Amino acid sequence: MNKYSNHIAIIGSGISGLVLGNTLIKKNIPCIIFEKYPSTSEYGAGISISRNGQNVLDELKVLDKLKSKSGTPKKVLFYSNCKEITSFGVDHITTSRKELHNILLNQYLSFGGEVLFDFELTKIEQQEKLLSFSNGKKFYVKHIAACDGIKSTCRNLLLKNDLHPAYSGYSVWRAILENKTENVEFHLGPNFHIVSYPINKEKISFIAAIKTKNTTEESWRKKGNFSELQTEVPAKILHRYPSIQSNNEIYKWGVYTRKDIDKLFLENITFLGDAAHPIVPFMGQGGCLAIEDGFIYGSLISRFKNDLTKSQLTYKDLRLDRIKNIHTQSLNQAKLNHLKNPILIFLRNFLMKNTNVIHKLTKSIWGYDSKKQIDQI
């Protein structure tokens, strides 16, 4: 039971958990990752990593490896009713979550990090910092980092009156398709938008976000089918992606958010990524925020020499305003993407084509540097 009593216990081996693990182990801070599933799967999931996320991956020395196995589009094209509105250059990495996960996991393991799979958390004795798992194992730990996603078991165990995630009004289709492209494409339409981007030289990620009152389950593993998809997305756009019709790996999930994203920590436990602040994915920042969270919190623990209370307070000071701003911008972006009024659509397209409004919206997000933020403390 005392085997990990001097370790930071990371619950969940997703993006925030692995970034935190890599950050801690590079700074010689003992940590252990507990993962409830026996393995991970791609489940048709892509991820776009803007410069703010890349800065962290560069610090962790995995950026070049990820680039070599991913897409590196140089241009984003925006369409409305299949007609190009505008385009601009980008400095993004577009890849699969599986690829990013594998690179982070392999580096963590190469540094001597430990992951225990099939360890489903069932109980937290908060004051004692004692964790109990469904396999009967129990461990005392030094601190708990909850990186276990939007359905966070940690939150459910400790926050009895916590507001559960609520359906945002958006459902999203996704798939990994056999296709070649060098660009990111956005198709804007009434009550929907579609994004596609290369995840390597042979495949693309396809995402279709739908505004709908029909509640969809929040699950990365829930399969959909082409017949249903074509009732929600115009055929003339789907025809641009012919391989999707025969694809057996099409997934659909409901986008959920929390009203309370102020709670980033409790005594002896800190929340990161979607366990803290799930947001709608319409600024492409859910994964990047998780990357920032893991790196910043791990760096603070090192900076403050394991003063965990000080690390928690500073973590909240550094993260909360940024999280809230991106949360709000993402909701507003969804509304702009899904306009139905022809006059408003004309105005949106005109501004996108003739002004630098997109640059202004993204500058503060993409230009953020987590390391500089830490260095300024």
Side-chain angles (χ1 to χ4, degrees), residues 8-12 14-24 26-27 29 31 50-60 126 129 141-150 152 154-155 158-159 162-163 257-280 283 285-332 361-377:
I8 306 294
I10 301 169
I11 310 301
I15 293 173
S16 61
L18 284 171
V19 170
L20 176 59
N22 274 283
T23 304
L24 291 173
K26 286 188 69 175
K27 298 178 183 299
I29 298 172
C31 60
S50 47
R51 175 48 56 184
N52 50 305
Q54 291 177 50
N55 290 334
V56 170
L57 300 180
D58 198 23
E59 285 295 318
L60 297 179
Q126 189 176 357
K129 293 170 285 186
V141 298
K142 184 175 185 177
H143 185 73
I144 305 159
C147 303
D148 51 346
I150 189 170
S152 173
C154 294
R155 289 186 75 107
L158 297 180
L159 294 168
D162 191 34
L163 293 174
T257 61
R258 283 194 183 91
K259 290 184 178 180
D260 177 16
I261 57 173
D262 291 352
K263 200 175 296 297
L264 299 188
F265 67 87
L266 301 170
E267 183 180 2
N268 297 326
I269 184 166
T270 306
F271 302 104
L272 296 86
D274 280 353
H277 48 74
I279 64 172
V280 296
M283 295 294 289
Q285 288 300 305
C288 285
L289 284 178
I291 290 171
E292 292 175 9
D293 284 354
F295 178 77
I296 287 176
Y297 190 55
S299 298
L300 289 173
I301 294 173
S302 175
R303 173 65 61 91
F304 296 135
K305 302 185 185 305
N306 288 303
D307 184 334
L308 294 163
T309 299
K310 191 172 183 179
S311 298
Q312 286 183 313
L313 291 170
T314 308
Y315 170 69
K316 183 174 182 178
D317 287 343
L318 295 182
R319 300 303 291 151
L320 196 55
D321 285 347
R322 177 167 172 79
I323 290 164
K324 286 184 173 181
N325 287 336
I326 293 177
H327 174 69
T328 300
Q329 287 191 53
S330 297
L331 289 170
N332 291 337
L361 285 172
T362 57
K363 183 178 179 181
S364 65
I365 297 176
W366 297 350
Y368 182 83
D369 192 319
S370 299
K371 183 176 185 300
K372 286 183 179 179
Q373 185 83 77
I374 295 294
D375 291 342
Q376 290 170 2
I377 297 173

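Computed from a predicted model, the values in this text were never measured in an experiment. Sequential numbering from 1 along the given sequence is applied to the chain's residues.
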Please examine the side chains of L318 and L300, heavy atoms only from C-beta on, and report whether any two atoms are closer than 4.5 Å.
-> yes
Could you pull out all residues at least two apart from K27 that satisfy salt bridge (charged side-chain N to carboxylate O under 4.0 Å, His left out)?
-> none
Going by heavy atoms in the side chains, are I269 and C154 under 4.5 Å from each other?
-> yes
Q54: what forms a side-chain hydrogen bond (donor to acceptor under 3.5 Å, both in side chains) with it, not counting sequence neighbours?
-> R51
Closest heavy-atom contact between S330 and I279?
-> OG-CD1, 4.0 Å
Hey, could you give me the CG/NZ distance between L264 and K316, rounded to the nearest 0.5 Å?
-> 6.5 Å
Contact check, side chains of S311 and R303, non-hydrogen atoms, under 4.5 Å = no
When rounded to the nearest 0.5 Å, the distance separating CD of Q329 from CG of L331 is 10.5 Å
Of all heavy-atom pairs linking K142 and N306, the shortest is NZ-CG, 3.5 Å
Heavy-atom distance under 4.5 Å between the side chains of L313 and F265, does that happen here?
-> yes
Hey, what do you get for CD1 (I301) to CD1 (I296), rounding to the nearest 0.5 Å?
-> 12.5 Å
d(Q376 CD, I374 CD1) to nearest 0.5 Å is 10.0 Å
All ring-ring contact (aromatic ring centres under 6.0 Å, His included) counterparts of Y297, not counting sequence neighbours | Y315
Run the numbers on D262 and K324 for salt bridge (charged side-chain N to carboxylate O under 4.0 Å, His left out), then give the verdict.
-> CA-CA 9 Å; D262 291 352; K324 286 184 173 181; 2.9 Å; yes
Specify the closest pair of heavy atoms between H327 and P278, including all atoms of both residues, with the distance to one decimal.
-> ND1-O, 4.4 Å
L266 side chain reached by F271 side chain, heavy atoms, under 4.5 Å = yes
Given side-chain contact (heavy atoms from CB on, under 4.5 Å), test Q373 with R322 step by step and report yes or no.
-> CA-CA 12 Å; Q373 185 83 77; R322 177 167 172 79; over 6 Å; no
Taking C-beta and beyond as the side chain, do D369 and N52 meet within less than 4.5 Å on heavy atoms?
-> no
Can you tell me if S370 and E292 form a side-chain donor-acceptor pair at under 3.5 Å?
-> no
Considering non-hydrogen atoms only, spot the tightest contact between A275 and R155 and give its length.
-> O-CD, 2.9 Å
Identify, with sequence neighbours excluded, every residue that meets side-chain hydrogen bond (donor to acceptor under 3.5 Å, both in side chains) alongside K371.
-> D375
Kindly give the heavy-atom pair with the smallest separation between H277 and I323, and that separation in Å.
-> CD2-CD1, 3.3 Å
For K310, all residues meeting side-chain hydrogen bond (donor to acceptor under 3.5 Å, both in side chains), sequence neighbours excluded = none
Partner residues of D148 under the side-chain hydrogen bond (donor to acceptor under 3.5 Å, both in side chains) criterion, sequence neighbours left out | S152
Pairwise distance CG(D293) to CD1(I15) - rounded to 0.5 angstrom | 11.0 Å
Give a yes or no on whether the backbone of Y368 and the side-chain of N55 come within a donor-acceptor separation of less than 3.5 Å.
-> yes
Taking all atoms of both residues into account, what is the closest heavy-atom pair of L308 and H143, and its distance?
-> CD1-CB, 3.6 Å
Spacing of L289 atom CG and D274 atom CG [to the nearest 0.5 Å] | 9.0 Å
